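Not measured: the values here are computed from a predicted model. The figures that follow rest on heavy atoms only: side chains count, while hydrogens, waters and symmetry mates do not.
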Amino acid sequence: MAEVILKNICKIYDGGVLAVNNVNLHIRDREFMVLVGPSGCGKSTTLRMVAGLEEITSGQIKIGERVINDVPPKDRDIAMVFQNYALYPHMTVYDNMAFGLKLRKFKKADIDKRVREAADILGIHEYLHRRPKALSGGQRQRVAVGRAIVRKPEAFLFDEPLSNLDAKMRVQMRAEISKLHTQLETTMIYVTHDQIEAMTMGDRICVMKDGLIQQVDDPLTLYDNPANAFVAGFIGTPPMNFFRGMIIARDGKLVFHEETMEIPLLDEWKEKLEPYIDKKIIFGARPEDIGSEQAEKEPNSPKIKAQIEVAEPMGSETYLYLSTGTQSFIARVEAHKKARVGDKIELSIYLPKAHIFDSNTEKLIV
């Protein structure tokens with residue numbers, strides 16, 4: 001097992017397109033690191049550079065103590081699981097899993113032992129003599145993972161492995177891969193655009209945008225203390241609500257002011273927010289902190305008046321899509337709250353969990 005260290009990694013494609021911009025990332029030994037971000041953010045390119053499938057423009061990659069910049073992919077001691085499974089259709093499941101070991105001239109008995117051990121771990125023993133076309137998408141993905149396991153590599157790389165599966169199978173395979181990480185105790189780097197996968201699977205998450213790392217942290221820290229508005233809006237379902245307005249001073253207190261609302265801000269924020277008086281800022285509040293029981297019980301919670309545009313009952317909760325006239329936002333309320341489209345309602349905001357971002361840099365202020 002080994003740590004993976006990326007130092008000042010850049011990737012520039014023909015035409016001067018900068019896909020990955022000075023990425024520095026230390027993935028610890030046996031850690032499950034998730035790279036997440038929207039399409040085109042550079043996460044898959046970063047993974048492919050670790051795998052050796054993309055050439056590095058500048059920087060250094062180390063696996064363990066080895067610098068692997070010029071090491072061929074086959075000699076990097078990593079195993080990669082692809083989005084499209086990449087199985088040989090004419091081979092059985094057994095032969096697909098054994099193929100890499102045969103190329104490396106492993107003894108037949110060793111190959112058989114490794115394939116059957118991996119099949120037992122993944123619950124695909126009964127499929128060993130089938131061909132890929134006779135398997136479901138989830139079963140094929142297990143085979144692709146099994147082919148990686150038999151190698152016993154220093155690190156596993158996963159490139160959006162669940163995106164071709166249906167919703168139910170994705171949930172199941174998320175749990176399977178997390179369980180696998182616990183069993184194998186190996187370093188795993190996992191790329192996805194799905195922030196739910198990132199939150200539920202990663203020991204730490206690296207959020208990327210436009211080839212740059214925005215923040216690297218454990219899931220709950222990312223959720224509760226995002227470094228900027230992009231991370232705040234990307235992590236969480238439904239996403240954080242953003243209200244654009246300005247801070248004004250009134251009667252010794254600071255107030256967030258917008259055409260349709262005024263929100264008195266917490267006194268403990270005053271020192272950090274005073275430089276922003278009469279300047280534009282972004283006020284952020286997560287859907288569960290608007291109209292929640294906690295917010296309603298807080299005696300001095302500020303309130304927002306809005307009209308319900310859409311109500312989505314989810315069973316255990318209801319999502320309300322609302323408009324103040326100038327701002328649209330989402331509230332996540334209790335399942336049986338009486339709410340009809342067109343109703344005008346007043347909702348409390350739980351201020352201690354709100355966030356304020358600089359309007360220009362979008363960095364977190366408080």
Side-chain angles (χ1 to χ4, degrees), residues 30-39 43-44 47 79-89 91-94 96-97 114-153 155-206 218-220 222-223 234-238 312-317 319 332:
R30 304 184 184 190
E31 182 173 36
F32 197 125
M33 172 66 76
V34 180
L35 307 184
V36 69
S39 296
K43 57 189 184 296
S44 286
L47 191 79
M80 190 156 177
V81 179
F82 295 92
Q83 179 180 344
N84 60 357
Y85 321 131
L87 301 175
Y88 297 108
M91 291 185 185
T92 63
V93 167
Y94 184 100
N96 264 285
M97 291 171 67
R114 289 195 182 200
V115 169
R116 294 189 184 280
E117 280 177 354
D120 285 341
I121 289 170
L122 293 164
I124 54 173
H125 216 282
E126 62 196 275
Y127 310 129
L128 287 177
H129 299 294
R130 292 190 192 177
R131 285 187 167 79
K133 68 179 180 181
L135 304 176
S136 69
Q139 289 162 350
R140 288 180 201 176
Q141 195 54 276
R142 281 192 178 89
V143 176
V145 172
R147 186 177 53 193
I149 289 174
V150 297
R151 296 263 311 280
K152 297 186 178 178
F156 287 91
L157 311 182
F158 293 86
D159 190 9
E160 305 213 28
L162 309 185
S163 57
N164 288 339
L165 304 178
D166 63 46
K168 186 177 180 182
M169 184 55 69
R170 278 203 303 274
V171 173
Q172 188 178 334
M173 283 303 295
R174 280 207 312 257
E176 296 272 351
I177 293 173
S178 295
K179 190 166 69 175
L180 193 64
H181 176 248
T182 304
Q183 283 180 276
L184 298 178
E185 294 186 325
T186 188
T187 307
M188 291 186 175
I189 309 173
Y190 188 103
V191 161
T192 181
H193 62 272
D194 184 334
Q195 55 90 19
I196 294 177
E197 280 181 28
M199 289 289 287
T200 54
M201 297 174 77
D203 294 329
R204 285 192 302 155
I205 301 170
C206 171
D218 66 87
L220 286 180
L222 277 182
Y223 192 82
F234 193 83
I235 299 293
T237 303
E312 288 184 346
M314 306 297 288
S316 59
E317 60 200 8
Y319 296 164
R332 197 163 83 185

Asks: Which value, rounded to the nearest 0.5 Å, describes the distance between Ile196 atom CD1 and Met199 atom CE?
Replies: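 Here the interatomic distance stands at 9.5 Å.
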Asks: Taking salt bridge (charged side-chain N to carboxylate O under 4.0 Å, His left out) as the definition, give me every residue that meets it alongside Arg116, ordered by chain and number, with sequence neighbours left out.
Replies: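 Scan of Arg116 (salt bridge (charged side-chain N to carboxylate O under 4.0 Å, His left out), adjacent residues dropped) gives Asp112.
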Asks: With a 4.5 Å heavy-atom cut-off, do Tyr190 and Leu157 have their side chains touching?
Replies: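 Counting from C-beta outward, Tyr190 and Leu157 never come under 4.5 Å.
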Asks: Calculate, to the nearest 0.5 Å, the distance between atoms OH and CG belonging to Tyr88 and Asn96 respectively.
Replies: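 Here the rounded value is 8.0 Å.
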Asks: Hey, are the side chains of Phe32 and Arg204 touching, using non-hydrogen atoms and a 4.5 Å cut-off?
Replies: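 They are not in contact (no side-chain heavy atoms under 4.5 Å apart), so the answer is no.
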Asks: Quick one: does any side-chain atom of Arg140 pair with a main-chain N or O of Leu135 as donor and acceptor, under 3.5 Å?
Replies: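 Here the side-chain-to-backbone pair exists.
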Asks: Taking Glu197 for the side chain and Asp194 for the main chain, is one N or O donor matched with an acceptor at less than 3.5 Å?
Replies: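 Between the backbone of Asp194 and the side chain of Glu197 there is no qualifying donor-acceptor contact (under 3.5 Å).
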Asks: Can you check whether Met97 reaches Val93 side chain to side chain, under 4.5 Å on heavy atoms?
Replies: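 A side-chain contact under 4.5 Å exists here.
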Asks: Going through the distances and angles, do Leu128 and His125 end up as a side-chain contact (heavy atoms from CB on, under 4.5 Å)?
Replies: CA-CA 6 Å; Leu128 287 177; His125 216 282; 4.1 Å; yes
Asks: Less than 4.5 Å apart, any side-chain heavy atom of His193 and any of Pro38?
Replies: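 With C-beta onward as the side chain, the pair stays apart.
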Asks: Does the side-chain contact (heavy atoms from CB on, under 4.5 Å) test come out yes or no for Arg130 and Thr92, once each step is laid out?
Replies: CA-CA 5 Å; Arg130 292 190 192 177; Thr92 63; over 6 Å; no
Asks: For Pro153 and Ala148, work out which heavy atoms get closest and say how close.
Replies: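 Answer, listing the atom of Pro153 first, then Ala148: CD-O, 3.6 Å.
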Asks: Is any side-chain heavy atom of His181 closer than 4.5 Å to one of Ser178?
Replies: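 Not touching, per the 4.5 Å side-chain cut-off.
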Asks: Under 4.5 Å between any side-chain heavy atoms of Phe158 and Ile177, yes or no?
Replies: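 Counting from C-beta outward, Phe158 and Ile177 do come under 4.5 Å.
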Asks: Quick check: closest heavy atoms across Val34 and Gly202, and the distance to 0.1 Å?
Replies: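 Smallest interatomic distance, heavy atoms only, reads CG2-CA, 3.6 Å.
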Asks: Before you tell me yes or no, could you show the steps for Arg114 and Lys152 under side-chain contact (heavy atoms from CB on, under 4.5 Å), namely the whole-Å CA-CA distance, both residues' side-chain angles and the distance that decides it to 0.1 Å?
Replies: CA-CA 9 Å; Arg114 289 195 182 200; Lys152 297 186 178 178; 3.9 Å; yes
Asks: Would you sort out whether Val143 and Ile124 count as a side-chain contact (heavy atoms from CB on, under 4.5 Å), showing the intermediate values?
Replies: CA-CA 8 Å; Val143 176; Ile124 54 173; 4.1 Å; yes
Asks: Going by atom types alone, do Gln141 and Tyr85 pair a side-chain donor with an acceptor below 3.5 Å?
Replies: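 The answer is no; no qualifying pair exists.
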Asks: Less than 4.5 Å apart, side chain to side chain, heavy atoms only: is that true for Pro238 and Tyr319?
Replies: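 Sidechains of Tyr319 and Pro238: in contact.
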Asks: Would you call Thr186 and Phe156 a side-chain contact if the rule is heavy atoms closer than 4.5 Å?
Replies: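 Yes, at least one pair of side-chain atoms sits under 4.5 Å.
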Asks: To the nearest 0.5 Å, what is the distance between CG (Asn164) and CG (Asn84)?
Replies: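 If I round to the nearest 0.5 Å, the distance is 7.5 Å.
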Asks: Any side-chain to backbone donor/acceptor pair from Lys43 onto Val36? Under 3.5 Å, distance only.
Replies: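 It does not hold such a pair.
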Asks: To the nearest 0.5 Å, how far apart are NZ in Lys133 and CG in Leu87?
Replies: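 Result: 14.0 Å between the selected atoms.
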Asks: Should the pair His129 and Tyr94 be assigned to parallel (<30°), tilted (30 to 60°) or perpendicular (>60°) ring geometry?
Replies: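 Ring orientation of His129 relative to Tyr94: parallel.
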Asks: I'd like to know if the side chain of Thr187 and the backbone of Arg30 have a donor-acceptor N/O pair within less than 3.5 Å.
Replies: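 Looks like yes, one N/O pair under 3.5 Å.
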Asks: Using atom types as modelled, flag every donor-acceptor pair under 3.5 Å from a side chain in residues 167-176 to any protein atom, sequence neighbours excluded.
Replies:
unit_1, atom_1, unit_2, atom_2, d
Arg170, NH1, Leu165, O, 2.8
Arg174, NE, Thr200, OG1, 3.2
Glu176, OE2, Arg142, NH2, 3.2

Asks: Applying the side chain to side chain contact (heavy atoms under 4.5 Å, CB included) test to Gln83, which of Ser163, Pro161, Ser44 qualifies?
Replies: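 In the set Ser163, Pro161, Ser44, the residue that makes a side chain to side chain contact (heavy atoms under 4.5 Å, CB included) with Gln83 is Ser163.
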Asks: Ala118 and Gly146: which non-hydrogen atoms are nearest, and at how many Å?
Replies: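 Here Ala118 and Gly146 meet closest at CB-O, 4.1 Å.
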